[in-house]
Enquirer: 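Dumping the structure here so I can ask a few things about it.
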Amino acid sequence: MASSMSPTTTKRKGPLENNNQNKSKKSHWSAALSDALDDESVRLYRDDLCTVIRDKFPKAKIHLLVMPNEHITDLKCVNDTHVPLLKHMLKVGKEVAEKIAAKENATGSFAQFRYGYHAIPSLALLHMHVISQDFISPSLKTKKHWNSFTTSYFLDASDVIDDLQANHAIRVDVARMRKLLDNELQCHECPHTFPTIPKLKQHLMTHIY
DNA sequence: GTTCTAGAAC
DNA sequence: GTTCTAGAAC
């Protein structure tokens, strides 16, 4: 039919269309964990208090994140009323990690874990790292990555809980922690130090048994 | 947090 | 010449 021609819906690209009016607006990168919390497809475990996912950019063979379901931005927001929650997150982290390690037949450092928090996190939702101690992963790329997991920038979950019970809050020396990220690259299992990340990563292979 | 890449380091 | 790191990202 000739009358149906030339629909008036032809789209013209213009500045107004670039205004982000659609509802599928992407979150800022720092909200990635809040998004993950609501994404059932990435859940390894969830209960009334917390959720466990795999880190999207794992820095070791097994690298999990345990997050509270309640929105707590970071350790600065945590007080002694949160002690039971943090204890629960640690218990859950251990259980899930050991279950995965058994399932994957992990041995040696691949089955040894540390549980803790970064002193200065980048993502805006409290998250406890569960990380196997092999540190063999393509996503481990920078000095900051390395030092954030192998220096005292990594706050052991049990120390955080003790600190909370003793002092009712977590205090972080930000300047001191930032400096730790610039430390020389030292192996976490022996005294050797390395000039570059590739040399360190090559060395990490020698600790596999 | 990651990606990208300029230029430092070798 | 290549490898590697460090800082911007509007």
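Computed over heavy atoms, backbone and side chain alike; hydrogens, waters and symmetry mates excluded. Sequence lines set the chain letters: A, B, ... in the order given, protein chains first and strands last, and positions in each chain run from 1.
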Enquirer: Identify whether A:M89 and A:L64 are in the same connected component of the hydrophobic contact network (ILVMFWY, side-chain heavy atoms under 4.5 Å).
Expert: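 Yes.
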Enquirer: Counting only N and O atoms by type, is there a donor-acceptor contact under 3.5 Å from the side chain of A:T142 to the main-chain atoms of A:H145?
Expert: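 Confirmed, A:T142 side chain pairs with A:H145 backbone.
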Enquirer: Please tell me whether A:M67 and A:W29 are part of a single hydrophobic cluster in this structure, the criterion being side-chain heavy atoms less than 4.5 Å apart.
Expert: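 Shared cluster, yes.
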Enquirer: How many whole angstroms separate atom CG of A:D74 from atom P of B:dG1?
Expert: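 Computing the A:D74:CG to B:dG1:P distance gives 14 Å.
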Enquirer: Does A:E95 pair with A:K99 as a salt bridge, N-O distance under 4.0 Å?
Expert: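 No, this pair does not count.
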Enquirer: The test is salt bridge (charged side-chain N to carboxylate O under 4.0 Å, His left out); show your working for A:R114 and A:D156 and say whether it passes.
Expert: CA-CA 7 Å; A:R114 282 189 74 191; A:D156 276 305; 3.0 Å; yes
Enquirer: For A:K199, give me all partners under salt bridge (charged side-chain N to carboxylate O under 4.0 Å, His left out), at least two apart in sequence or on another chain.
Expert: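 Not a single residue meets the salt bridge (charged side-chain N to carboxylate O under 4.0 Å, His left out) criterion with A:K199.
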Enquirer: Just call it for A:P198: base, sugar-phosphate, or nothing, with non-hydrogen atoms closer than 4.0 Å on any strand.
Expert: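 Sugar-phosphate, backbone atoms only, no base.
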Enquirer: State the pairing partner of B:dC4; accept Watson-Crick or G-U wobble contacts with both distances under 3.5 Å, and report none otherwise.
Expert: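 Its partner is C:dG7 (Watson-Crick or G-U wobble, both distances under 3.5 Å).
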Enquirer: Testing the basics here: between A:N147 and A:E184, what is the closest heavy-atom pair and its distance to 0.1 Å?
Expert: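 Shortest heavy-atom separation between A:N147 and A:E184 comes out as OD1-O, 4.0 Å.
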Enquirer: Is the distance between the ring centroids of A:H63 and A:F149 less than 6.0 Å?
Expert: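 Between A:H63 and A:F149, the centre distance is under 6.0 Å.
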Enquirer: Under 4.0 Å, heavy atom to any atom of DNA chain C: which of residues 181-197 of chain A qualify?
Expert: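 Correct list: A:T196, A:I197.
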Enquirer: Counting primed atoms plus P, OP1 and OP2 as sugar-phosphate and everything else as base, spell out the protein contacts along nucleotides 2-10 of chain B at 4.0 Å heavy-atom distance: B, S or - for each nucleotide, 5' to 3'.
Expert: SS-------
